Protein chains: 2
Amino acid sequence: MKAPIDQIDRTLLRLLQQDGTLSLAELADKVNLTTTPCWKRLKRLEENGILRQRVALLDPIQLGLSFTAFVQIKTSNHSKEWYKSLVEAVSDFPEVMEFYRMAGEYDYMMKVQVADMAAFDQFYKKMVNSIEGLTNVTSTFAMEPLKYTTALPL
Amino acid sequence: MKAPIDQIDRTLLRLLQQDGTLSLAELADKVNLTTTPCWKRLKRLEENGILRQRVALLDPIQLGLSFTAFVQIKTSNHSKEWYKSLVEAVSDFPEVMEFYRMAGEYDYMMKVQVADMAAFDQFYKKMVNSIEGLTNVTSTFAMEPLKYTTALPL
DNA sequence: GTTGAAACTGTAACGCA
DNA sequence: TGCGTTACAGTTTCAAC
């Protein structure tokens, strides 16, 4: 069940997180296997959830969603119930692309992707109004994206 | 050359950024087209760079890379040359998954993905030593990832 | 790890509105 | 110009070796 990941698996993962269109034959070739054993490895990686999903990445600029904001939150309520409702509420916003519970001064941080400042303002009001118990909310804005990758450093 | 994106295109993009394994026939079915026109739309979206790439998303936990840090940077050097060398140097670190020039107190922010605090410390030293002109570097750490998606809110 | 065969997919030429 | 029909080549999937 819990088969360890060897070098070949890692290479396959590295290749696929860079280019998900690689065919089985191409992948097999790059790791010096034939298609079947390569295919079995991929199946296993999918079953184990190491290969979580395959997705298309889109261009935020051409789609008019190039405004990135980071919202940091402080709260005085640290109960489990409040936490659960917060996570649910925030996760339901499609504009929130990342959300973390943080160490340090702020309790939570989220990355928000929207069209422009006006759209962010709308989002902000919507969010703050729908969540009780926030003692401090502060936003910072990205002026220019310099790097974005989904590839883990394997 | 610059064909506008209609509702069908948007639906295709929305579907593919959620699940990149959908076949042409499935996609065509969901937007009430046959495969050929659907295929032509996808080709056009790829050519225009709206559909930028297809990738596999991996599980950071199983790969032992579940430590997320945000590093914020201030600089006194705002020359173009320094900026260029900074962007290049930082982008070359595979641990840096996101990097932004920011408005507000800090000039730059990056998201760093590594194994653990020890690995982060190593990365931190490596980075700070390889970049001149940083007047202030501060790091905050994620204790728990609550949401992560690559899907733009279309 | 290999072979090979069946099912499915992507690709493109061709007509039709 | 955009869509549908059809056919062919390439790919994935998987059983048997």
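In what follows, chains are A, B, ... by sequence order, proteins preceding strands, each numbered from 1. As the structure is a computational prediction, the values presented were derived from the model and not from experiment.
D:dG2 atom C1' lies 15 Å from atom CG of B:Leu45, rounded to whole Å. The nearest whole Å value for the distance from the CZ atom in B:Arg41 to the P atom in D:dG2 is 8 Å. Spacing between atom CG of B:Asp6 and atom P of D:dT1 amounts to 16 Å, rounded to whole angstrom units.
Only at 4.0 angstrom or more do the heavy atoms of residues 10-26 of chain B sit from any atom of DNA chain D, so none qualifies. Of all the residues in residues 28-35 of chain A, A:Leu33, A:Thr34 reach under 4.0 Å from DNA chain C with at least one non-hydrogen atom.
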Solution key, residues 92-100 of chain B side-chain donor-acceptor pairs under 3.5 Å, sequence neighbours excluded:
| residue | atom | partner | partner atom | Å |
| --- | --- | --- | --- | --- |
| B:Glu95 | OE2 | B:Lys126 | NZ | 3.1 |
| B:Glu98 | OE1 | A:Lys111 | NZ | 3.2 |
| B:Glu98 | OE1 | B:Tyr100 | OH | 2.5 |
| B:Glu98 | OE2 | B:Lys111 | NZ | 3.3 |
| B:Tyr100 | OH | A:Lys111 | NZ | 3.4 |

Please list, one pair per line, the donor and acceptor atoms closer than 3.5 Å that link side chains of residues 53-61 of chain B to other protein atoms, with sequence neighbours excluded.
| residue | atom | partner | partner atom | Å |
| --- | --- | --- | --- | --- |
| B:Arg54 | NH1 | B:Gly20 | O | 3.1 |
| B:Asp59 | OD1 | B:Ile61 | N | 3.0 |
| B:Asp59 | OD2 | B:Gln62 | NE2 | 3.2 |

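Counting heavy-atom neighbours within 6.0 Å of A:Lys30 NZ, excluding the residue itself, gives a total of 12 or less.
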(message) Could you go through B:Asp107 and B:Lys74, starting from their C-alpha distance and side-chain angles, then the distance that decides it, and tell me whether this counts as salt bridge (Lys or Arg N to Asp or Glu O under 4.0 Å)?
(response) CA-CA 5 Å; B:Asp107 299 311; B:Lys74 279 188 205 177; over 6 Å; no

(message) One pair to check against salt bridge (Lys or Arg N to Asp or Glu O under 4.0 Å): A:Asp6 and A:Arg10. What are the steps and the verdict?
(response) CA-CA 6 Å; A:Asp6 67 11; A:Arg10 288 186 101 79; over 6 Å; no

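The listed nucleotides are D:dT12, D:dG4, D:dA15; the one nearest the side chain of A:Trp39 is D:dT12.
No option in B:Phe141, B:Phe123, B:Tyr124 other than B:Phe141 meets the ring pair (Phe, Tyr, Trp, His ring centres under 6.0 Å) test with B:Phe67.
Salt bridge B:Glu46/B:Lys43: present, at least one basic N to carboxylate O contact under 4.0 Å.
Taking the 5' to 3' direction, DNA chain C first and last meets chain A under 4.0 angstrom from a heavy atom at C:dG1 to C:dG4.
A:Met109 and A:Leu134 are not part of a single hydrophobic cluster, where members link through side-chain heavy atoms under 4.5 Å apart.
For the side chain to side chain donor-acceptor pair (under 3.5 Å) test, residues two or more places apart in sequence or in another chain that qualify with B:Tyr83 are A:Glu144.
In this structure a side-chain-to-backbone donor-acceptor pair under 3.5 Å is missing from B:Asp121 to B:Met117.
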